[in-house]
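What follows is a single structure, written as structure tokens, with notes after it.
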Amino acid sequence: MSVRVRFAPSPTGYLHIGAARSALFNWLYARHMGGKFLLRIEDTDLQRSTDESTRSILEGLAWLGLDYDEELVFQSDNAPKHRAAALRLIEEGRAYRDFTPKAERTDSNIKQEIAERARAHSATGFDHRSNPFRDLSKEESDRRAAAGEPFAVRLKVPREGSSRFTDAVYGEQERDFSEIEDLVLLRSDSHPLYNLSVVLDDIEMGITDVIRGQDHLTNTHKQVLIYDALGARVPRFAHLPLILAPNKAKLSKRKHGEVVSLTTYRDRGFVPAAFRNFLALLGWSPPEGKEIMTKEEMIENFSLEAIGRANAVFNFSETDPRQWTDAKAIWMNAEYIRTMPMQDLLPMVRAELESSKLWRDEYADEKQAWFEKTVDLIRQRFFTLKDFSGQGRAYFADDFEMDEAAVKKNLKKEPRLKELLPALAERMEKVEPFTVETSEAALRDFAESTGVKAGLLINAARTALTGQSVGPSMFDVFAAIGRERSAQRLRRAAEII
RNA sequence: GGGGCAUUGGUGUAACUGGUUAACACGCCGCCCUCUCAAGGCGGAGAGUAGGAGUUCAAGUCUCCUAUGCCCUACCA
């Protein structure tokens with residue numbers, strides 16, 4: 001039977017990087033096995049689900065290059081079926097109606113409330129399995145239901161024995177039934193609950209392998225119970241270690257902000273392939289330690305067996321803007337930018353320039369050769385696509401900022417530059433043709449004849465032409481900026497000394 | 001309170017069924033290159049594998065205890 005996996009996010013906000021990684025692993029597994037990767041939007045939480053969130057999830061997956069097969073499934077569409085299944089379970093005696101009035105929860109410190117309840121129960125010797133309605137006669141139950149009394153539907157968890165399954169990552173899992181409460185399948189307002197819905201949808205979608213976050217590991221036992229009650233075949237499970245914040249705390253939007261959102265990486269100039277590659281390394285270690293991988297290599301090498309069990313820390317600093325996200329992610333992006341095929345990079349640079357109003361149609365036309373050469377030149381020391389419009393602005397526009405420190409260090413420190421720069425400009429204007437070699441020869445010649453070090457002029461020129469103290473080899477810059485604009489900028493720099 | 005899972009340098013990971021000085025990547029430091037900054041090359045610091053006990057000729061690898069973290073314990077997903 002061919003593999004069918006799914007990614008099932010709930011549309012309650014942006015796409016979290018942890019969820020994105022789950023999607024990636026599912027996708028890799030499906031592609032590796034020659035199976036299908038399906039997408040299901042778990043929008044059963046009507047209050048919190050939004051269309052905007054669904055859109056952003058779809059966008060995020062597309063950005064990462066994770067294409068899904070078949071029709072997109074919306075869980076809410078299946079609610080009637082889920083309800084019917086729960087009711088059927090009552091008929092079969094595998095579930096029962098619980099007429100206990102619904103307890104109101106404050107929702108704020110729900111975790112604490114649950115823990116306290118459990119503590120109280122264990123102190124009084126109360127058994128959570130002693131639900132008085134579990135053994136209510138069928139007739140009595142039907143009668144009260146017919147009379148319109150509201151009820152929740154609970155699964156009848158067997159009294160004796162234990163639930164077990166083998167997790168592809170975590171190994172053998174066992175949990176005694178005594179630790180599992182008769183879980184609610186259907187709320188008293190007839191709204192189907194998560195555990196029921198996932199199972200039913202996974203069955204209907206023919207899911208063979210469930211790959212998801214480790215936070216569902218203990219829930220899986222409940223789901224196995226539901227599969228059994230339904231008489232359905234239990235899929236293979238593979239739980240993924242979690243991605244944690246630097247202090248090993250849970251990574252959350254409220255506490256950690258935009259670093260956890262996938263769209264942040266798109267907006268801040270990440271190359272999709274680079275981020276995908278980085279994400280793949282969180283929890284999975286490719287064979288032979290080859291970390292930089294093309295999409296094809298990743299698919300080829302992927303296996304559930306090579307996934308680790310310990311949670312990974314997403315390392316970033318909340319105070320240092322240079323370490324706003326994991327250093328390895330930044331390195332990976334730079335690595336991709338400077339080594340990826342130009343044909344793949346060019347459209348991304350174009351998009352970046354367009355969005356910052358630096359794009360000119362001639363770059364795709366008569367100046368295409370110049371454009372490609374320039375991008376190839378400056379990509380070497382860029383970290384994100386944003387750098388093409390930021391640090392790289394001087395190559396595409398005449399209005400660029402002069403870095404104060406650079407001006408001080410390379411221009412103002414030597415007063416003689418006020419005269420030297422215009423003279424150099426004049427000298428450069430005579431160079432024909434104006435190339436890397438000829439500009440270098442001219443500058444060095446000029447330095448010698450005026451008795452100053454070439455380095456002084458080179459560094460001054462760098463700041464004059466680009467506004468910065470760092471950048472590519474200066475003669476490449478001269479050639480890229482061109483003779484006239486170079487001369488112009490040398491003179492303009494002299495004015496501010 | 002109960003239960004599950006995890007724990008290898010700062011971070012991500014490796015180390016076949018226990019077997020030489022615990023490996024790789026990122027980060028950090030230094031040198032080389034050099035017009036700057038990167039890249040690249042070379043080298044270095046940094047863990048004795050959470051702590052403790054045990055099994056063994058031999059343990060990161062097996063057992064137990066403790067600690068810590070995460071998750072579950074909901075008519076949330």
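A, B, ... follow the sequence lines: proteins, then strands. Residue 1 opens every chain.
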Considering heavy-atom distances to RNA chain B, does A:D189 or A:P246 have its closest nucleotide positioned more toward the 5' end? A:P246

Once you round it to whole Å, what is the distance between C1' of B:U11 and CG of A:L251? 14 Å

B:A77 to B:G18 separation - C1' atoms, rounded to the nearest Å: 43 Å

Any donor-acceptor pair, under 3.5 Å, between the side chain of A:N219 and the base of B:A74, if you only look at N and O atoms? no

In whole angstroms, the gap separating P of B:C26 from CZ of A:F275 amounts to 18 Å

Can you pull every protein N or O that's under 3.5 Å from an N or O on nucleotides 2-5 of chain B?
{"residue": "B:G3", "atom": "O2'", "partner": "A:E179", "partner atom": "OE1", "Å": "3.3"}

CG of A:D167 versus P of B:A6: gap in Å, rounded? 10 Å

By nearest-heavy-atom nucleotide on RNA chain B, the more 5' of A:A329 and A:P101 is A:A329

Could you check whether A:S197 gets within reach of a base, just the sugar-phosphate, or nothing at all, counting any heavy atom under 4.0 Å? nothing

Separation of B:U11 atom P from A:F278 atom CZ, nearest Å, is 14 Å

The salt bridge (charged side-chain N to carboxylate O under 4.0 Å, His left out) partners of A:R416 (sequence neighbours excluded) come to A:E414

A:D326 with A:K328: basic N within carboxylate O range, under 4.0 Å: no

A:K373, NZ atom: more than 12 neighbouring heavy atoms under 6.0 Å: no

Rounded to the Å, how far apart are A:N311 CG and B:U11 C1'? 14 Å

By side-chain contact (heavy atoms from CB on, under 4.5 Å), A:E305 pairs with (sequence neighbours left out) A:R236, A:S303

Show me, range against range, the stems involving RNA chain B, built from at least 3 consecutive Watson-Crick or G-U pairs below 3.5 Å. B:1-7 with B:67-73, B:10-13 with B:23-26, B:28-32 with B:40-44, B:50-54 with B:62-66

Is the A:F275 ring parallel, tilted or perpendicular to the A:Y265 ring (thresholds 30°, 60°)? parallel

If I pick the P atom on B:U66 and the same atom on B:G1, what distance separates them, to the nearest angstrom? 14 Å

Side-chain donor/acceptor contact of A:Q323 with base of B:G27 under 3.5 Å: no

Expressed in angstrom and rounded to an integer, what is the separation of A:R21 atom CZ from B:G12 atom C1'? 12 Å

Interatomic distance at P, B:C37 relative to B:A50, whole Å: 41 Å

Sort and list the pairs that fulfil side-chain hydrogen bond (donor to acceptor under 3.5 Å, both in side chains) and have at least one residue in residues 333-342 of chain A, not counting sequence neighbours. A:N277-A:Y336, A:E335-A:R338

Expressed in whole Å, how much space separates the P atoms belonging to B:A67 and B:U21? 34 Å

So, are A:R164 and A:E172 salt-bridged, with charged N and O less than 4.0 Å apart? no

Determine the interatomic distance between C1' on B:U17 and the same-named atom on B:C31; round to the nearest Å. 45 Å

Would you indicate what A:E291 reaches in the nucleic acid, counting non-hydrogen atoms under 4.0 angstrom: base, sugar-phosphate, or nothing? base

Before accepting this row, confirm whether a basic side-chain N of the pair A:R444/A:E440 lies closer than 4.0 Å to the acidic partner's carboxylate O. yes

Please list, chain by chain and in numerical order, all residues satisfying ring-ring contact (aromatic ring centres under 6.0 Å, His included) with A:F237, sequence neighbours excluded. A:F165

The side-chain contact (heavy atoms from CB on, under 4.5 Å) partners of A:P472 (sequence neighbours excluded) come to A:L377, A:I378, A:R381, A:Y395, A:V477

Taken in chain and number order and not counting sequence neighbours, the residues that satisfy salt bridge (charged side-chain N to carboxylate O under 4.0 Å, His left out) with A:D445 are A:R427

Nucleotide nearest A:R187 (side chain, heavy atoms from C-beta), chosen from B:G12, B:A77, B:C76: B:C76

Starting from P on B:G9, measure out to CG on A:N315 and report it in whole angstrom. 13 Å

So does A:D202 pair up with A:R40, basic N to acidic O under 4.0 Å? yes

Identify which nucleotide among B:C75, B:U7, B:C71 has an atom closest to any side-chain atom of A:A152, counting heavy atoms from C-beta outward. B:C75

Side chain of A:S285 only, please: which of B:A14, B:C71, B:A77 is the nearest? B:A14

Encode nucleotides 31-51 of chain B as B, S and - characters from 5' to 3', where the letter depends on protein heavy atoms closer than 4.0 Å: B to the base, S only to sugar-phosphate, - to neither. ----BBBBS------------

Looking at residues at least two apart in the chain, or sitting in another chain, which of them share a salt bridge (charged side-chain N to carboxylate O under 4.0 Å, His left out) with A:E204? A:K81

Using OP1 and OP2 only, check whether a side-chain N or O of A:H239 sits under 4.0 Å from B:C70. no

Taking atom P in both B:U8 and B:A47, compute the distance separating them and give it to the nearest angstrom. 15 Å

In chain order, what residues pass the side-chain contact (heavy atoms from CB on, under 4.5 Å) check against A:T54, with sequence neighbours excluded? A:P11, A:I41, A:L58, A:F74

Given the C1' atoms of B:G27 and B:C5, what is the spacing between them in whole Å? 29 Å

Looking at B:U13, B:A6, B:G69, which one has an atom nearest to any side-chain atom of A:K248? B:G69

With rounding to the closest Å, how many angstrom separate the P atoms on B:A59 and B:G52? 14 Å

When you measure from the side chain of A:K222, which nucleotide among B:C71, B:U73, B:C26 comes out closest? B:U73

So, is A:R154 near the phosphate of B:C75, with a side-chain N or O under 4.0 Å from OP1 or OP2? yes

For A:L196 and B:A74, give me the distance from atom CG to atom P, rounded to whole Å. 17 Å

Return no unless some side-chain N or O of A:K328 is found under 4.0 Å from OP1 or OP2 of B:G27. no

Syn within 90° of 0, anti beyond: B:G52 is anti

Within the 4.0 Å heavy-atom criterion, would you say A:G213 contacts the bases, only the backbone, or no part of the nucleic acid? nothing

Counting the atoms with a prime plus P, OP1 and OP2 as sugar-phosphate, which does A:S188 contact under 4.0 Å by heavy atoms, base, sugar-phosphate, or nothing? base

Applying ring-ring contact (aromatic ring centres under 6.0 Å, His included), name anything that partners A:F388, two or more places apart in sequence or on another chain. A:F382

